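Here is the structure we will look at.
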Amino acid sequence: MAICVTPLDTNEHDRDSFDCGKEPLNNYFKKVAGQTNKRHISRTSVLVDDASPQEVLGFVTIVMAKVETSDLPGNLSKKLEHVTAVPLIARLGVDVKHQGKGAGGRLLRHALLEMIKINESIGVPFVVVDAKDGAEDFYLNYGFEPFLDSANRLFITMNDLLSNFTDSE
Ligand SMILES: CC(C)(COP(=O)(O)OP(=O)(O)OC[C@H]1O[C@@H](n2cnc3c(N)ncnc32)[C@H](O)[C@@H]1OP(=O)(O)O)[C@@H](O)C(=O)NCCC(=O)NCCS
């Protein structure tokens, strides 16, 4: 049994059976993720087991998002004042049958390693996430920090990503 993260393929992956327990996230995955992928607005990757590659264990979606650097803490707001857009980990969900077994962490690490790769070609000063439904602690565990003026928007700098993550999943 080998678990891997792979780009969403709407012909291959069974979206209808996916249930992470949060209806807005389920709806996004079932009805929107394929469309926004096609239009190059977002990228969704899925976690699958190669023993049943059509079954989606979890998914993560990355988009570009506008940011207000004045809400970054300390001297980061000054250092990064000209930054207007950065990658946002917009959605992350794990099927209820597979929660609590490391799948969410695996998907998040995959997304962050992608950011490290993209940083080589276009420069990514930091990455943001909007933690929903009390999931802030999940991201704090991975080194994210809160923005000053937002209850659930968190960020991690590329410098911190480079120190915290190695190139293994
Ligand atoms: C939040 C979610 C993605 C986590 O995925 P998961 O596969 O259950 O999490 P993992 O098993 O990889 O857990 C990794 C770590 O995060 C912790 N964790 C998991 N869910 C958490 C939560 N909601 N809040 C705080 N910590 C959490 C785990 O205890 C674990 O910590 P440990 O490594 O110290 O043991 C998943 O529970 C989910 O899809 N929930 C419903 C949708 C949702 O709330 N998404 C958040 C989008 S912002």
Side-chain angles (χ1 to χ4, degrees), residues 1-10 13-37 41-68 71-72 85-116 118 124 126-157 160-161 163-169:
M1 162 169 142
I3 307 268
C4 66
V5 182
T6 185
L8 171 66
D9 177 342
T10 52
H13 299 124
D14 174 13
R15 288 170 294 162
D16 289 344
S17 309
F18 182 81
D19 177 16
C20 70
K22 306 278 181 194
E23 230 21 67
L25 269 179
N26 288 342
N27 278 335
Y28 175 85
F29 182 59
K30 290 174 189 186
K31 296 184 181 150
V32 184
Q35 290 300 321
T36 51
N37 240 349
I41 295 169
S42 70
R43 287 289 171 250
T44 293
S45 301
V46 295
L47 185 70
V48 294
D49 179 344
D50 65 6
S52 59
Q54 71 292 342
E55 183 193 357
V56 174
L57 311 184
F59 79 96
V60 62
T61 300
I62 302 168
V63 300
M64 290 299 288
K66 280 190 195 166
V67 281
E68 283 298 335
D71 290 341
L72 287 167
V86 295
L88 164 71
I89 297 173
R91 299 202 168 62
L92 172 65
V94 172
D95 190 280
V96 287
K97 293 191 293 298
H98 301 284
Q99 288 178 10
K101 301 177 196 165
R106 175 82 184 261
L107 282 160
L108 180 61
R109 280 196 303 282
H110 172 86
L112 295 175
L113 288 169
E114 288 297 309
M115 300 303 148
I116 290 173
I118 295 165
V124 175
F126 61 100
V127 175
V128 294
V129 65
D130 287 324
K132 298 183 180 74
D133 303 316
E136 290 84 357
D137 289 349
F138 174 74
Y139 295 103
L140 293 171
N141 270 340
Y142 288 89
F144 280 80
E145 298 172 56
F147 274 73
L148 291 180
D149 248 12
S150 165
N152 54 14
R153 178 157 279 202
L154 309 171
F155 74 95
I156 187 164
T157 64
D160 283 347
L161 279 179
S163 344
N164 295 355
F165 289 87
T166 61
D167 200 19
S168 67
E169 287 182 42

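Side-chain atoms are counted along with the backbone in the values below, which use heavy atoms only and exclude waters and symmetry mates. Just so you know, these numbers come straight off a predicted model, no measurement behind them. Numbering of ligands and ligand atoms starts at 1, following listing order.
- Residue contacts with ligand 1 for Q99 involve both N, CA, C or O and side-chain atoms from C-beta outward (heavy atoms, distance under 4.0 Å).
- Using a distance-only test at 3.5 Å, with no hydrogens or angles considered, no donor-acceptor pair links the side chain of K66 to the main chain of A85.
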* Evaluate the criterion side-chain hydrogen bond (donor to acceptor under 3.5 Å, both in side chains) for residue pair D14 and S17; output intermediate values, then yes/no. => CA-CA 6 Å; D14 174 13; S17 309; 2.5 Å; yes
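- Considering backbone and side-chain atoms alike, G102 places an N or O below 3.5 Å from some N or O of ligand 1.
- Not a single N or O atom of A135, backbone or side chain, sits closer than 3.5 Å to an N or O atom of ligand 1.
- At least one N/O-N/O distance between L92 and ligand 1 falls below 3.5 Å.
- Between G105 and ligand 1, a contact under 3.5 Å exists for at least one N or O pair.
- Note: F144 and F155 fail the aromatic proximity criterion, with ring centroids not under 6.0 Å apart.
- More than 12 heavy atoms of other shown residues, nucleotides or ligands fall within 6.0 angstrom of atom CD in Q54.
- Backbone and side-chain nitrogen or oxygen atoms of V94 are examined, and one is located within less than 3.5 angstrom of a nitrogen or oxygen of ligand 1.
- A donor atom on one side chain and an acceptor atom on the other are not found under 3.5 Å apart for D130 and N152.
- Within ligand 1, the atoms closer than 4.0 Å to a non-hydrogen atom of L25 are 42 (C), 43 (C), 45 (N), numbered from 1 in the order shown.
- Under 4.0 Å from ligand 1, not a single heavy atom of F59 appears.
- For E136, no heavy-atom contact with ligand 1 is shorter than 4.0 Å.
- Distance screen at 4.0 Å: atom 35 (O) of ligand 1 has no protein heavy-atom neighbour inside the cut-off.
- Taking every non-hydrogen atom of A103 and a distance limit under 4.0 Å, the qualifying atoms of ligand 1 come out as 7 (O), 12 (O).
- Distances from atom 28 (C) of ligand 1 to the protein include no heavy-atom value under 4.0 Å.
- The ligand atoms of ligand 1 that sit less than 4.0 angstrom from a heavy atom of D137 are 25 (C).
- Per-atom contact check: atom 32 (P) of ligand 1 does not touch the protein, criterion being a heavy-atom distance below 4.0 Å.
- Distances from atom 45 (N) of ligand 1 to the protein include at least one heavy-atom value under 4.0 Å.
- In terms of N/O distances under 3.5 Å, ligand 1 is not approached by K22.
- Within a 4.0 Å radius of atom 42 (C) of ligand 1, the protein contributes one or more non-hydrogen atoms.
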